[in-house]
Amino acid sequence: MTTPPLGPNDWEGLRSDLHRLLDRCVDQMRDAKDHPWQAPPADLADRYAIGTGGDVVGRVMDQVLPYHGGNTHPKFWGWVQGSGLASDFVAGIAAAAMNTNGGGRNHGINEVERAVIDWTRRKMGFGTGASGVLVAGTSQATVIALQAARVRACPDVRAAGGDAKLTVYAAEGVHNATRKAVELLGLGHDQLRLVQTKDGAMDLETLQQAIDMDRAHGRTPLTIVGTSGSVDLGGYDDLHALSDLANREGIWLHVDGAFGAWTRLADAPWRGLTDGIDRADSIALDFHKWMYVGYDCGLALIADEAAHRAAFAARPAYLKGAAEGLAGGDPWFCDYGIDLSRGNRALKVWCALEMFGEEAFAAAITRNCAQASFMADQVQTHGMTLAAPVVSNICVFTAAPELPADQQSALNAKIATHLQLKNATVFSTTDVNGITCLRAAITNHRTRNHHIAEAIADVAKTAQLLKGSVG
Ligand SMILES: *Cc1c(COP(=O)(O)O)cnc(C)c1O
């Protein structure tokens, strides 16, 4: 018996199958408004059972493509998810042919990654001494940044291991990614000080008191995590003030700018929300949220290349570099993060910027901010109530403010589910002052104002429809 080959027997057959697939995919993205999230059929797991074989391209077209997560649809504003770009096709197809391993060595993708990082560095206002590495997302970028901070503070930590006396400071409402990073680094989340906020930003007096208290108890303040765009309400810390304080205290300032860092590209007044971000020691941000690039792609950006390198670089014999040949090339991105083997994240960002131009992204980000304000107007026009003022692209509201808190919570949750199932419209929910509210985070370049007007009218109508069911 001969073993089947790991390549197509019929390249021309594959070519025509791929043309069919590409046509279907391009149609699906072009007509994104006709392809909302739909509940996966109950037998989907059976349909995906390994070992079925057959017409794989046909199965992908019929059984996989329709059951996406909905974030390509113009009325998708749930959680904070990006909307994907047509340029992702270019990058994805080329990436499949190249099978790059971006850990290092002398090949083109490292230069593409370098170009993407350098562009972002300039947009964030970091100097030429900065460095970065593309990662799965802000969660991993946070681990990388906090490890760089720790190695700078405790140069022997790579050899000797962790020290439980290091403390980290962030606004209450900081994304769980920071807590996870603090846990993963062995600091323990008991060492994460959640500082109260005032007008949506970390309260500086409380922060100073927490730092003083920790020093008085023999602890070493390691990092202040500023937030640009908090996940619940879209709050922004005052980065100039945090930077002044961090400099005075000799503490590393990290910024979680997962989506909000991109207000750097927006017009006034939103651009001002991230004033001072250029003074941070590190930034974690995502391309897959508010730069709309396909999943996944985030960036750890570190102001001091030496500090970044000191935290991760290691070249055992089997990774020795060379002056020329394939083992040449510099930098090797494995020296700046956790992963040695690395897929091709850089090309989709590069294709996006080169196909559409930076100005198109600036316009889309600005438009999303204006749309959140428009949504807030619509909410109030329909007699519903904002849970907090809209700062940039997040609008959080409750549909029936006249009801008791628990009934509002139940109703808002029901409305979210109902609209997902019936109206191709995706809000998520979050809790504000003990009430589960509807939340829209608009990181969607396909959204237009009429989508928002329709959706808010649907919310109001659905509230009337379901009100009786929560009493
Ligand atoms: C999404 C998000 C994160 C986590 O980023 P991932 O890319 O999902 O890992 C961290 N912080 C904020 C503010 C976020 O919105």
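Positions are given from 1 along the sequence. Order of listing sets the numbers, starting from 1, for every ligand and every atom in it.
- Residue H288 has at least one heavy-atom neighbour below 4.0 Å for each of these atoms of ligand 1: 7 (O).
- Interface atoms of ligand 1 facing D286, defined by a heavy-atom separation under 4.0 Å, are 5 (O), 6 (P), 7 (O).
- Ring-plane geometry between F312 and H308 is classed as perpendicular, the angle between the planes exceeding 60 degrees on a 0 to 90 degree scale with a lower cut at 30.
- Residue A258 approaches ligand 1 through these ligand atoms, each under 4.0 Å from one of its heavy atoms: 2 (C), 3 (C), 10 (C), 11 (N), 12 (C), 13 (C), 14 (C), 15 (O).
- Here M375 contributes atom CE and N393 contributes atom CG; the two are 10.5 Å apart, rounded to the nearest 0.5 Å.
- The closest side-chain donor-acceptor pair between S392 and Y236 falls under 3.5 angstrom.
- Scanning the protein for heavy atoms near atom 8 (O) of ligand 1, the closest one is K289 NZ, 4.1 Å.
- Residue, atom and distance of the protein heavy atom nearest to atom 9 (O) of ligand 1 are S139 OG, 2.6 Å.
- Using a 4.0 Å cutoff on heavy atoms, G298 does not count as a contact of ligand 1.
- Distances from atom 11 (N) of ligand 1 to the heavy atoms of D256, L285, V225 show the closest one on D256.
- Heavy-atom separations between Q140 and ligand 1 are all 4.0 Å or longer.
- Summarising the geometry of S282 relative to A145, their closest heavy-atom pair is OG-CB, 3.5 Å, with the distance given to 0.1 Å.
- The distance from ligand 1 to the heavy atoms of F259 drops below 4.0 Å at these ligand atoms: 15 (O).
- In terms of heavy atoms, C437 sits closest to T398 at SG-CB, 4.4 Å.
- Considering Q371, R367, H73, K75 in turn, Q371 is the only one that fulfils the side chain to side chain contact (heavy atoms under 4.5 Å, CB included) rule with T447.
- Figure legend: cation-pi geometry between R315 and W332, with NZ or CZ positioned under 6.0 Å from the six-membered ring centre and within 45° of its axis.
- Closest to atom 13 (C) of ligand 1 among all protein heavy atoms lies G229 O, 3.5 Å.
- T72 has its side chain out of reach of Q28: every pair of non-hydrogen atoms, C-beta onward, lies at least 4.5 Å apart.
- The closest protein non-hydrogen atom to atom 5 (O) of ligand 1 is T138 CB, 3.2 Å.
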